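Okay, so here's the structure we're looking at.
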Amino acid sequence: MLVKGTISRVAGPFVTAKNATGLRMYELVRVGEEGIIGEVIGLSGDNAFIQVYEETAGLKPGEPVEGTGRPLSVELGPGLAGCMFDGIQRPLHILQDMAGFFIRRGLTPNALDRGRKWFFQRAVKPWSKVSGGSVLGYVDETPVVKHKVLVPPDVGGVLEYIAPEGEYSVEDVIAELRRDGEKIRLKLIHSWPVRKPRPYKYKIPPDIPLKTGQRVIDTFFPVARGGTVAIPGGFGTGKTVLQHTLAKFADADIAIFVGCGERGNEMAGLIDEISKLKIPGTDYPLMNRTVLIVNTSNMPIAAREASVYTGITIAEYYRDMGYDVLLMADSTSRWAEALREVCGRLEEMPGEEGYPAYLATRLAEFYSRAGRVVTLNGEEGSVTVVGAVSPPGGDFSEPVTQTSLRLIKVFWALDFSLAHRRHFPAINWLRSYSMYLDSMRSWYERQVAPDWVKVREEAMSILREEEELRELIALLGPEVLTETQKLTLEIARMVREYFLRQSAFHPIDSYCPLDKTYHMLRLILKLREKMSIAVEKGVSLAELLKMPIIEEIARMKIIPYDEFKKSIERVEYEVDRLLEKVIGREKG
Amino acid sequence: MRERYKPVYSGLSFSTVKEVRGPLLFVEAKGVSFGELVEVVSHTGEERLGQVIEVAENIAVIQVFEGTSDLEVEKTRVRFTGEPVKLGVSMDLLGRVFDGRGRVIDGYPDPIYVDEWDIHGAPINPYSRAHPSEFIQTGVSVIDGMNPLVRGQKLPIFSGSGLPHMLLVSQIVRQAKVRGEEEASIVVFGAMGITADEARWFKEDFEKMGVMDRTVMFVNLAEDPAIERLLTPRLALTAAEYFAFEQDMHTLVILSDMTNYCEALREISAAREEIPGRRGYPGYMYTDLASIYERAGRIRGGKGSVTQIPVLTMPEDDITHPIPDLTGYITEGQLIMDRDLYRRGIYPPINPLPSLSRLMDAGIGPGKTRRDHKQLSDQLYYCYAEGVAIREAAMISGEAGLTERDKLYYRFADEFERRFINQDPYEDRDIEETLDIGWELLEPFPEVELARIDPSLIREYHPRYRRRMG
């Protein structure tokens with residue numbers, strides 16, 4: 001029996017219902033005559049507190065509230081990839097067909113297209129025993145995503161029927177299994193409650209990097225597949241551009257972008273880009289491997305809160321197929337603010353800065369859904385989570401940043417002063433960190449170069465030394481520096497300008513293969529080695545800086561990879577020769 | 001054509017005011033819906049507008065836009081309309097001046113309206129948005145060259161009290177154009193809490209410029225009721241959306257001063273005894289501001305656009321204050337006025353370093369501005385940032401320790417402010433002129449310092465090569 005209650009109070013996106021005994025926590029409810037969607041977020045006596053996912057204007061006390069008997073869930077099945085949903089998984093292109101260019105309330109289209117037929121190829125024989133996570137068959141969801149049709153995690157038994165190869169809609173029965181005498185029908189689609197993590201066998205250590213093509217990240221602050229990253233930064237420091245860059249270039253099988261309480265125009269820009277840009281090595285646009293969840297800042301705040309859960313549940317679903325999934329949430333602060341608003345309206349005792357005392361718990365629950373796992377089916381899959389944080393006033397001491405930092409393993413600190421001089425990505429190399437450096441060390445040594453760690457550490461020590469020297473200059477002036485120290489400053493400048501700085505908009509520079517990243521850095525360090533010998537022999541630094549090879553090194557970033565590979569040896573040779581040449585000239 | 005919008009009353013009328021607290025009325029009433037428009041009639045028969053902001057079974061909380069002064073508990077009557085707050089719209093709005101809640105105040109009869117629109121609007125479906133990419137030339141170098149404005153963008157001016165933001169706004173209104181287009185934009189001006197002098201100056205200025213016949217003004221003066229300011233930007237944006245999405249026109253919306261708007265928001269929040277966020281502003285201020293700023297944009301396949309230039313004064317010039325901070329998190333960049341530049345006589349005193357236009361990359365380049373625009377601006381940024389840092393260091397440790405390279409940058413910073421940023425309020429520079437000034441300023445640098453510009457662009461645009469060519 002579904003519970004029926006009556007609205008007794010409406011305040012913004014929050015509604016109180018009376019005579020609602022029997023409604024359960026987090027149950028999905030229909031509110032008012034129009035039946036708009038809400039979720040129970042508190043119970044007290046026979047009152048239920050409900051957050052409403054749509055505009056509440058026009059609701060009045062006395063209107064009905066009806067339970068649905070189920071929690072907020074998402075539909076999982078083919079048709080997710082390449083689609084754009086709002087925070088509660090309503091497909092935005094269908095909303096446009098139904099209501100035009102502006103969002104209207106009270107529309108509840110299906111998340112996945114019922115009319116579309118998918119070509120199903122079975123992977124199991126009838127009468128085999130299957131359990132949660134078993135692969136029943138395949139569907140080519142997009143040219144680049146082979147969608148594995150899974151037995152839902154909580155189901156298992158003996159397969160009595162499996163559909164033959166052919167075209168099926170998501171609601172056609174493609175398998176029947178029997179468990180304890182009970183017959184269960186399976187379709188291409190199943191639903192899963194968003195607030196409940198999908199099960200897996202066990203977690204495995206994250207020791208393979210998720211390549212991003214961004215030099216500062218891949219070199220100094222890499223993230224592992226299944227890892228967690230926080231990107232705090234004040235406005236204008238490039239959080240969104242960095243996240244968009246990841247959505248485009250990270251080597252994940254599936255990228256899920258959750259635009260949570262952010263700008264509509266930027267989402268439009270992202271859609272434009274991923275509809276045009278090709279997945280590296282294929283002829284298909286990035287859209288084919290992307291799922292977008294969009295709840296812009298002017299869309300209902302409760303759906304903003306739901307959007308991160310919708311996103312991560314879809315991410316787990318693809319993980320369960322054995323894929324590497326990257327989930328980006330821009331921005332977790334807006335989600336936390338939605339929690340704060342709920343907390344305020346429920347008149348709960350607030351914690352720090354008005355955020356609810358359970359903020360840390362919620363964030364922890366979210367980030368712990370990331371990870372590299374062995375799936376129920378015995379495959380390896382991962383969900384990597386990258387959360388942007390928008391600290392008020394750019395001040396990292398605020399609760400959302402601080403709580404996030406306790407939960408994540410990689411910290412990309414975005415910096416105003418870098419952004420102001422248009423050094424992007426504005427990742428501060430002294431404040432940021434990655435706790436995966438050690439666990440991924442052997443991968444880098446095997447896959448990129450045996451001396452990878454040495455090169456990285458040498459470059460980092462130059463940057464650290466630069467900082468110390470700058471402090472020295474600030475105190476005593478530049479005259480006190482030795483020639484060697486001046487050389488260090490010059491090399492540090494080269495590392496910053498020629499290596500760390502990377503344009504997200506340049507056709508070549510925007511993506512840098514790992515191998516190129518390594519060689520670029522190595523050549524700069526080689527230059528340093530030779531120059532310091534020259535300086536020791538008494539050659540003036542000013543003279544050395546005039547060498548044309550430096551200009552060539554400066555422009556390495558915009559040379560296409562193939563051409564670059566061919567030129568490595570020559571550049572190296574010229575750097576080697578430089579010493580003899582310059583010293584020879586000095587002598588002569 | 002219909003007459004001026006007259007609300008249809010749901011027939012509900014109550015004289016059961018229980019409490020008056022700040023701008024709020026608490027009325028015992030049944031059958032009231034959330035968000036509806038109400039008319040509050042005082043004991044003298046004076047009518048005021050209000051809106052239901054919370055409703056429970058027997059009580060409705062009403063914010064009264066014209067304030068509650070002089071209202072009393074016993075004789076005040078409240079009529080519920082059963083409708084949201086609406087604005088009558090038509091092309092006849094052009095050339096007209098309204099008060100902050102939408103009543104005609106220019107002395108002429110009410111315009112004829114063709115429709116009534118809910119002033120809260122509805123969010124544009126993100127799927128339906130077109131990415132803004134048309135460059136608007138404002139004729140102001142520091143904007144066009146460094147932080148260009150794009151059609152459909154929301155680009156606020158963060159100012160401080162006493163800084164010439166009004167002069168700049170007026171210059172932008174006068175000069176803004178899209179290259180290759182004849183038709184000028186519609187201007188919608190929403191003024192919140194500005195002084196009567198400022199309002200008059202603006203109107204006269206618009207008339208002088210000859211733009212008044214394509215302008216609509218909604219003016220809430222400093223002495224007008226503060227709560228009315230919650231309506232003003234929404235009225236302005238509703239009018240703008242009508243022109244943009246119903247009439248396919250390009251509109252430029254000026255909202256000034258958003259700081260006054262936020263103060264009104266805080267006042268309501270305090271009266272409701274809500275748990276305050278930072279500096280007493282309500283926790284939902286981000287969401288509330290977003291419901292205003294996000295109403296900029298374009299629609300795929302649509303011809304019109306809404307471009308917003310909100311103006312706000314940063315209390316104590318503090319950019320981390322919640323008002324500029326939350327605004328910056330929503331808008332697509334910001335133009336920041338700098339008191340130090342102003343004191344040194346630079347107009348417009350926009351400091352390009354903390355300023356930003358997030359839509360720059362989409363709006364510039366070949367076919368839109370010029371091929372060298374992006375890289376030139378990156379280089380100017382780098383040189384200016386470097387120059388300012390050196391100038392600051394030199395102020396502490398003296399100029400003696402400066403290297404030749406340092407001196408180049410130091411001089412560049414000064415020249416950049418004097419020749420690039422600085423211009424006359426009536427000087428309209430086209431984008432080529434702006435970019436060429438940039439190149440001239442870079443001339444003293446050796447080419448190796450111009451690492452942010454592609455060598456092919458240097459050969460094409462650097463004055464040294466151009467002279468050789470010419």
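Values below: every heavy atom of this structure, side chains too, minus hydrogens, waters and symmetry copies. Only a predicted model underlies this, so the values are computations on that prediction, with no experimental measurement involved. Every chain is numbered from 1, with letters handed out A, B, ... down the list of sequences.
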Per-residue contact mode, [X] against chain B (heavy atom under 4.5 angstrom):
X: A:E347; result: neither
X: A:I558; result: side chain
X: A:P548; result: neither
X: A:I301; result: side chain
X: A:R105; result: neither
X: A:F505; result: side chain
X: A:K546; result: neither
X: A:P392; result: both

Top residue by heavy-atom pair count (under 4.5 Å) with chain B, among [options]?
options: A:K18, A:H506, A:E55; answer: A:K18
options: A:T296, A:V294, A:T56; answer: A:T56
options: A:A554, A:G344, A:G394, A:G234; answer: A:G234
options: A:R304, A:H423, A:M267, A:R104; answer: A:R304
options: A:E337, A:E266, A:E497, A:E262; answer: A:E497
options: A:G269, A:G100, A:G354, A:G261; answer: A:G269

Contact winner vs chain A - [options], heavy-atom pairs under 4.5 Å:
options: B:G35, B:G277, B:A389, B:G283; answer: B:G283
options: B:G328, B:G121, B:A122; answer: B:G328
options: B:Y286, B:Y293, B:F245; answer: B:Y286
options: B:D361, B:T287, B:T320; answer: B:D361
options: B:N125, B:I275, B:L289; answer: B:N125
options: B:L326, B:V61, B:T331; answer: B:T331

Roughly how far, to the nearest 0.5 Å, is the [atom2] atom of [Y] from the [atom1] atom of [X]?
X: B:L353; Y: A:S417; atom1: CG; atom2: OG; value: 11.0 Å
X: A:I271; Y: B:H131; atom1: CD1; atom2: NE2; value: 10.0 Å
X: B:D288; Y: A:S297; atom1: CG; atom2: OG; value: 11.0 Å
X: B:R358; Y: A:F235; atom1: CZ; atom2: CZ; value: 8.5 Å
X: A:R340; Y: B:Y284; atom1: CZ; atom2: OH; value: 12.0 Å

Verify side chain to side chain contact (heavy atoms under 4.5 Å, CB included) between B:V448 and A:E551, making sure each step is shown before the conclusion. CA-CA 7 Å; B:V448 65; A:E551 176 125 4; 4.2 Å; yes
Would you say the side-chain atoms of [X] and [Y] include a donor-acceptor pair closer than 3.5 Å?
X: A:N298; Y: B:R295; answer: no
X: B:S128; Y: A:Q96; answer: yes
X: B:Q153; Y: A:N265; answer: no

Side chain, backbone, both or neither: which part of [X] has an atom under 4.5 Å from a heavy atom of chain A?
X: B:P276; result: neither
X: B:S377; result: neither
X: B:P352; result: backbone
X: B:A60; result: neither

If we only count heavy atoms from C-beta on, is the [X] to [Y] side-chain gap below 4.5 Å?
X: B:R452; Y: A:R501; value: yes
X: B:S33; Y: A:L59; value: no
X: B:V32; Y: A:P61; value: no
X: B:K30; Y: A:K60; value: no
X: B:Y381; Y: A:H420; value: no
X: A:F102; Y: B:P123; value: no
X: B:L356; Y: A:R422; value: yes

Could you go through the side chain to side chain contact (heavy atoms under 4.5 Å, CB included) check for A:D86 and B:Y127 one step at a time? CA-CA 10 Å; A:D86 78 351; B:Y127 178 80; over 6 Å; no
Within the supplied structure, the quantity of interest is the number of heavy atoms (other residues, nucleotides, ligands) at a distance under 6.0 Å from B:E447 CD; does it exceed 12?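 Counting other residues, nucleotides and ligands, CD of B:E447 exceeds 12 neighbours.
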Any side-chain to backbone donor/acceptor pair from A:R263 onto B:I330? Under 3.5 Å, distance only. yes
Do NZ/NE/NH1/NH2 and the carboxylate oxygens of B:R278 and A:E353 come within less than 4.0 Å?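 No.
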Would you verify whether the NZ or CZ of A:R334 falls within 45 degrees of the ring axis of B:Y329 while also being under 6.0 Å from that six-membered ring's centre?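 Yes - A:R334 lies over the ring of B:Y329, closer than 6.0 Å to its centre and within 45° of its axis.
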For the residue pair B:P126 and A:I103, what are the closest heavy atoms and their distance?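 It is CD-CD1, 4.3 Å.
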Side chain to side chain contact (heavy atoms under 4.5 Å, CB included), that's the test. Do A:R9 and B:E57 meet it? Break it down for me. CA-CA 6 Å; A:R9 179 169 171 252; B:E57 278 174 285; over 6 Å; no
